[in-house]
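One structure is given here, and the rest of the page talks about it.
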Amino acid sequence: MRAPPPRITNLALLAALLVAFASGIGAVAAGTASGRWVAVVHGVVGVAVVLLVPWKSMIVRRGLRRARPSRWASLLLAALAITALLAGLGSASGLLQSVGGFRGIWIHVAAALALLPLVVWHVLARPARASRMDLSRRTLLRAGTLVAAAAGAYVATTAVVRAAGLPGAGRRFTGSYEAGSFDPAAMPTTSWIDDVPPEVDPASWRLVVADAAGERELSLDELSRHDVRLRATLDCTSGWYAHQDWAGVPVAALLRGTGGARSLHVHSVTGYWISFPVGDLDRLLLATRAGGAQLSVAHGFPVRLVAPGRRGFWWVKWVDRIELRSTPWWWQPPFPVT
C-alpha cells in the first residue's frame with residue numbers, strides 16, 4: 001500500500017495509541033469473561049501500531065536529519081514505544097514472561113506509562129491537526145484496511161501461539177498465567193504498590209462491622225466458626241492467576257440490613273481500601289482459610305476479602321473494617337492510589 005501523507009500517519013498513530021492506553025486500562029480492570037473484548041481490542045490496536053511503524057519510520061528518518069534540541073526526547077519516545085510493543089508481544093506469546101524478576105506484563109505497563117507524558121509532549125510540540133480533507137474516501141479506506149489487517153494479524157498470531165504450543169496459549173483472557181492453583185503455599189504474594197504485610201496480633205485483632213444497626217466488633221475466633229466454602233479465581237494485575245478453595249464467612253451474613261446504603265467500604269489494617277456496590281454483597285466472602293489451611297500473613301491473615309469476578313486489587317487483605325455507606329461505590333479512584 002502506498003504510504004499516506006505524514007500528517008495522516010501521525011494522526012492514525014496518535015489515535016491508535018490513545019485507544020491502546022484506554023483499552024489497556026480496561027484490560028487491567030476486567031475480571032470476568034464478559035470483559036474479554038477489552039483485552040482483544042487492546043491486542044488488535046497493538047498490532048495496528050506495529051503495522052504503522054514502517055510508515056512512521058520514514059517520517060522519523062527525515063526528522064533526524066534536522067538538528068533539533070528535542071531529538072533525544074523523540075528517540076526516547078521511540079525506544080519506550082518499541083519496549084512496550086516487544087514486552088507486550090513477548091508476554092502475550094509467553095516468550096518473555098519475566099526479566100530480572102519483573103514480569104513481562106509489568107515491563108509492558110511501565111514502558112507504556114513512561115511513554116504517556118512523552119506522547120503528550122510530542123502532540124503539543126509538533127501538532128498534527130486534522131482537517132476535513134482527512135475524511136476523504138481514500139483515508140477511510142486506508143483506516144478500514146489497517147483495522148482489518150490488524151485484526152487478521154491478531155487472529156493469526158493467536159493461532160500460531162496455540163499451534164506452536166507456546167506458553168501464551170495457556171493464558172487467561174486477562175493475559176495472566178496460572179501460578180499456584182489449589183496450592184496456597186505456591187501462590188505468589190503480590191501486594192498492590194506499597195501495601196506490605198503487617199504484623200497482626202490475632203488475639204487483639206477485631207473486625208469492625210458498621211451497618212444499619214450500628215457498629216460491632218468480631219474476634220477471629222468468632223469468624224473462624226464459619227466454614228462457608230467458595231471456589232474462586234484470584235487474577236492479579238501482576239500477570240498471574242490462581243484457582244483456590246476459600247473458606248470463611250459471607251459478608252452478607254455479617255450485615256444486619258443495608259438501610260438504603262449504596263456501597264460497602266472494605267478497609268485494611270494497612271490503610272488500603274476499596275468500595276463495592278451493594279449489589280455485590282451476596283458474592284463477597286471474608287476468608288480465614290485457603291486450601292483447608294489458615295491464611296498466611298502474606299496472603300492476608302487474619303482475614304482477606306474474596307471478590308469473585310474482580311481483579312486482585314479488589315481482594316483486600318488484612319481486613320479490619322467493613323462499613324456500609326451512602327456514597328456510590330464509583331466515588332473512588334478507578335485504581336487504588338496506594
Within the structure provided, determine whether [X] and [Y] are in side-chain contact (heavy-atom separation under 4.5 Å).
{"X": "Trp246", "Y": "Leu295", "value": "yes"}
{"X": "Leu284", "Y": "Val306", "value": "no"}
{"X": "Pro302", "Y": "Leu220", "value": "yes"}
{"X": "Lys317", "Y": "Ser191", "value": "yes"}
{"X": "Ile105", "Y": "His108", "value": "yes"}
{"X": "Asp282", "Y": "Pro250", "value": "no"}
{"X": "Asp280", "Y": "Pro277", "value": "yes"}
{"X": "Val28", "Y": "His42", "value": "no"}

Answer yes if the side chains of Thr190 and Trp240 hold a donor-acceptor pair under 3.5 Å, and no otherwise.
-> yes
Working to the nearest 0.5 Å, report the span between [atom1] of [X] and [atom2] of [Y].
{"X": "His122", "Y": "Leu13", "atom1": "NE2", "atom2": "CG", "result": "8.5 Å"}
{"X": "Glu323", "Y": "Ser263", "atom1": "CD", "atom2": "OG", "result": "8.5 Å"}
{"X": "Leu118", "Y": "Leu75", "atom1": "CG", "atom2": "CG", "result": "11.0 Å"}
{"X": "Glu222", "Y": "Thr288", "atom1": "CD", "atom2": "OG1", "result": "13.0 Å"}
{"X": "Arg325", "Y": "Leu264", "atom1": "CZ", "atom2": "CG", "result": "9.5 Å"}
{"X": "His243", "Y": "Asp183", "atom1": "NE2", "atom2": "CG", "result": "13.5 Å"}

Linked, directly or transitively: [X] and [Y] (ILVMFWY side chains, under 4.5 Å):
{"X": "Val49", "Y": "Leu89", "result": "no"}
{"X": "Trp273", "Y": "Val208", "result": "no"}
{"X": "Leu324", "Y": "Trp314", "result": "yes"}
{"X": "Val316", "Y": "Val269", "result": "yes"}
{"X": "Leu51", "Y": "Val45", "result": "no"}

Ignoring hydrogens, what is the shortest heavy-atom contact between [X] and [Y]? Give both atom names and the distance.
{"X": "Trp205", "Y": "Val303", "result": "CH2-CG2, 3.5 Å"}
{"X": "Ile107", "Y": "Ala87", "result": "CG2-CB, 3.9 Å"}
{"X": "Ala39", "Y": "Ala27", "result": "CA-CB, 4.2 Å"}
{"X": "Arg103", "Y": "Pro188", "result": "NH2-CG, 4.1 Å"}
{"X": "Pro184", "Y": "Ala290", "result": "CG-O, 3.5 Å"}
{"X": "Val297", "Y": "Trp318", "result": "O-NE1, 2.7 Å"}

Between [X] and [Y], is there a donor-acceptor pair closer than 3.5 Å when you use the side chain of the first and the backbone of the second?
{"X": "Tyr272", "Y": "Phe313", "answer": "yes"}
{"X": "Trp106", "Y": "Thr237", "answer": "yes"}
{"X": "His299", "Y": "Met187", "answer": "yes"}
{"X": "Arg311", "Y": "Asp235", "answer": "yes"}
{"X": "Arg206", "Y": "Ala203", "answer": "yes"}
{"X": "Ser23", "Y": "Val38", "answer": "no"}
{"X": "Ser57", "Y": "Pro54", "answer": "yes"}
{"X": "Arg171", "Y": "Ala92", "answer": "yes"}
{"X": "Ser91", "Y": "Gly88", "answer": "no"}
{"X": "Ser275", "Y": "Trp329", "answer": "no"}

Derivation of the side-chain contact (heavy atoms from CB on, under 4.5 Å) call for Val249 and Val228 | CA-CA 6 Å; Val249 55; Val228 175; over 6 Å; no
N/O donor to acceptor pairs below 3.5 angstrom from side-chain atoms of residues 156-164, sequence neighbours left out:
from   : atom 1 : to     : atom 2 : distance (Å)
Thr157 : OG1    : Ala153 : O      : 2.7
Thr158 : OG1    : Tyr154 : O      : 2.9

Check whether more than 12 heavy atoms from other residues, nucleotides or ligands sit under 6.0 Å from atom CZ of Arg229, and answer yes or no.
-> no
Heavy atoms of other groups near Trp121 CH2, more than 12 under 6.0 Å | yes
List the steps and the verdict of side-chain contact (heavy atoms from CB on, under 4.5 Å) for Asn10 and Lys56.
-> CA-CA 7 Å; Asn10 288 333; Lys56 180 61 178 178; 2.7 Å; yes
Pair Arg321 + Glu217: basic N to acidic O under 4.0 Å | no
Should Asp227 and Arg289 count as an ion pair when the cut-off is N to O under 4.0 Å?
-> yes
With a 6.0 Å cut-off on ring centres, are Tyr177 and Tyr241 close enough?
-> no
Given side-chain contact (heavy atoms from CB on, under 4.5 Å), test Val19 with Val41 step by step and report yes or no.
-> CA-CA 8 Å; Val19 176; Val41 168; 4.2 Å; yes
In sequence, state the C-alpha distance, the side-chain angles, and the governing distance for Ile322 and Leu254, and then conclude on side-chain contact (heavy atoms from CB on, under 4.5 Å).
-> CA-CA 10 Å; Ile322 58 173; Leu254 298 177; 4.3 Å; yes
